[in-house]
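Encoded as structure tokens, the structure appears first; notes follow it.
Below, chain A is the first sequence line, B the second, and so on; all start at residue 1.
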Number of protein chains: 2
Amino acid sequence: MLAARRKLPRDVASGPEAEQRVVSAIVEAILDQKLAPGARLVERELALSSGASRLAIRNGLLRLAQSGLVELSPNKGATIATCGPREAREIFDARVLIESSLLTTLSEKASEDDIARLDAFVEDERQAYAAGRMQDARYLSRGFHLLIADLAGNRVLASFLRELINKQPLLSWTGNGSRSCFCGNQAHSEIVRAIAAGDASAAVALNVEHLRELERQLIADRGKALGVEQPSSGEAKAIAERPPKRARALSTKGAFDWRAKRDAAGVLAGKTRGAR
Amino acid sequence: MLAARRKLPRDVASGPEAEQRVVSAIVEAILDQKLAPGARLVERELALSSGASRLAIRNGLLRLAQSGLVELSPNKGATIATCGPREAREIFDARVLIESSLLTTLSEKASEDDIARLDAFVEDERQAYAAGRMQDARYLSRGFHLLIADLAGNRVLASFLRELINKQPLLSWTGNGSRSCFCGNQAHSEIVRAIAAGDASAAVALNVEHLRELERQLIADRGKALGVEQPSSGEAKAIAERPPKRARALSTKGAFDWRAKRDAAGVLAGKTRGAR
DNA sequence: AATCCGAAAATTGTTGACAATCAATTCGCG
DNA sequence: CGCGAATTGATTGTCAACAATTTTCGGATT
């Protein structure tokens, strides 16, 4: 194809800023389930559609690979990571462990201000949910757990947790849409009440149940997806079918939003020395 | 300096293999405390001394930055990461949390074979210690904790733990040598006995005490190294004297061993699809 | 003596071209 | 018509040169 041989345009953006934008866009696309596990990420395509240089793309993919969101096979390129049942279980277990610790810490030291922030957050979440803005609702739902990590104050654990949460769409991919990967708003509200009451063990118990419920949903969805296939979203099915050869992936066109709106990538940024 | 302008030799090694070697060598140098926090890592120097291409070095540094072992400042290069007291505490807390979970799991499911491997490992450790091979002793000492993670079976937590353990020399750097960052062999042996007895809570308690002891050592050492100074922001001050401009770092000459002997880097490798 | 400015050196960042590799297709041959 | 081997097209991997930036150092000025 001739188009593929064209040079990149002259006004390519590069530098850490462009790379960050690329990483964020890909993470967002994964979180919004616009990219299925196994989907191919071709460097030149990404470069052309994002306006970044190929090097920026390359480095971005390198970072994403390290955080486990994409898989790199030498000489074969990058694909969205797939996640087997075993790793899914391990991720859930790790989440339970880390969030339990964070909730315990937070329950013991939460200030009035912290509670207020949590309440406000849950309210935002509720509104988004009520208004049917599912994309935002999912985003906020993830944000709730990250907010807890933030308030608990351990940045190391917070960055681990973010990594785990970013991987969630990989486990819960069913090809049939948006049902899973979504926390009920009710549970979050109850957790906040337990924190406010200083009842660490209740907060932990509620959250564990909350996560286990998610896990059950995931298992159920996966079982269903493997049994009955839905023709309604044909393109999603096409890629989920694990093509034995090179996946003539569905066009990643339109999967990305290259303007970095939210900072979903977070931890993926390497630690850089303070501002200059 | 003219030498710095010379081109790289023709027989530069590249490819993922060379990059891996570079990363391993740097991680090892950090673990063996041959590189102080704040030390500069100049791309061309590394390339010349390792025989790898500058690109391989660059990508390696990128990976190391993501795992938090080095810091990258745009246009200013890479330095070994420094670690303030707050992050040190967070790292210890995270270690306690993760290792406690792993020990609980392992205590409940350890097979005869697992116990045998642990025993053999502790014996190796004891011998290295007795023979005064401190380098090996420290290596094995770290390996003990990683072996527990491995046997417990949760790879996600295991990779988190490895990342934390790799950072340990950054926190415990005192500039005066090798005293800290070293677990007494006795504690490990007791932990294995608790695991063998299936006594999870004892194993956890022993390990927590073990880690807290390490942390106390670290704080004591640091206090001694810094004198009465408040360690609020400057950590590497003792060794680097905090030059206002570019740190004329202590020579990194001889700090590296470019033959990859042990695979200390571990998790730093991005997830790659199965062998080809 | 201390400080500020500017040129030069050293270092990082980026580019475009090219080599190496892989998957798919086509061709040759039985 | 089937099957393996060479070919082709597309993609990743690497390099050496170039551009941009930062640091250093010498010298002039106060």
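- Straight-line distance from the CD atom of B:Glu45 to the C1' atom of C:dT12: 13 Å, rounded to whole Å.
- Counted by atom type alone, B:Arg95 and B:Gln168 present one or more donor-acceptor pairs between their side chains at under 3.5 Å.
- Judged as a side chain to side chain donor-acceptor pair (under 3.5 Å), and not counting sequence neighbours, the contacts of B:Asp93 are B:Arg212.
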*List the steps, then state whether side chain to side chain contact (heavy atoms under 4.5 Å, CB included) holds for A:Asn166 with A:Ser67.*
CA-CA 9 Å; A:Asn166 280 346; A:Ser67 76; over 6 Å; no
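- Look at CG on B:Leu72: it is 7 Å from P on C:dG13, rounded to the nearest Å.
- Here D:dA17 is the nucleotide among D:dT12, D:dA17, C:dT11 with the atom lying nearest to any side-chain atom of B:Arg54.
- For D:dT12, the OP1/OP2 oxygens have no side-chain nitrogen or oxygen of A:Lys76 closer than 4.0 Å.
- Taking only side-chain atoms of A:Arg44, from C-beta outward, the nucleotide of D:dT12, C:dG13, C:dT11 with the closest atom is D:dT12.
- When the C1' atom of D:dT12 is taken as reference, atom CG of A:Asn75 falls 6 Å away, rounded to whole Å.
- Rounded to a whole Å, the CG atom of B:Leu46 is 12 Å from the C1' atom of C:dT11.
- Rounding to whole angstrom units, CZ of residue B:Arg58 and P of D:dC15 are separated by 14 Å.
- Of the side-chain N and O atoms in A:Ser53, one or more sit less than 4.0 angstrom from OP1 or OP2 of C:dT15.
- Atoms CG (A:Leu62) and P (D:dT12) sit 13 Å apart, rounded to a whole Å.
- Not counting sequence neighbours, the partners of A:Glu90 by the side chain to side chain donor-acceptor pair (under 3.5 Å) test are A:Arg86.
- A:Glu43 has its CD atom 14 Å from the P atom of C:dT15, to the nearest Å.
- One can place CG of B:Leu55 at 15 Å from P of D:dA17, the figure rounded to the nearest angstrom.
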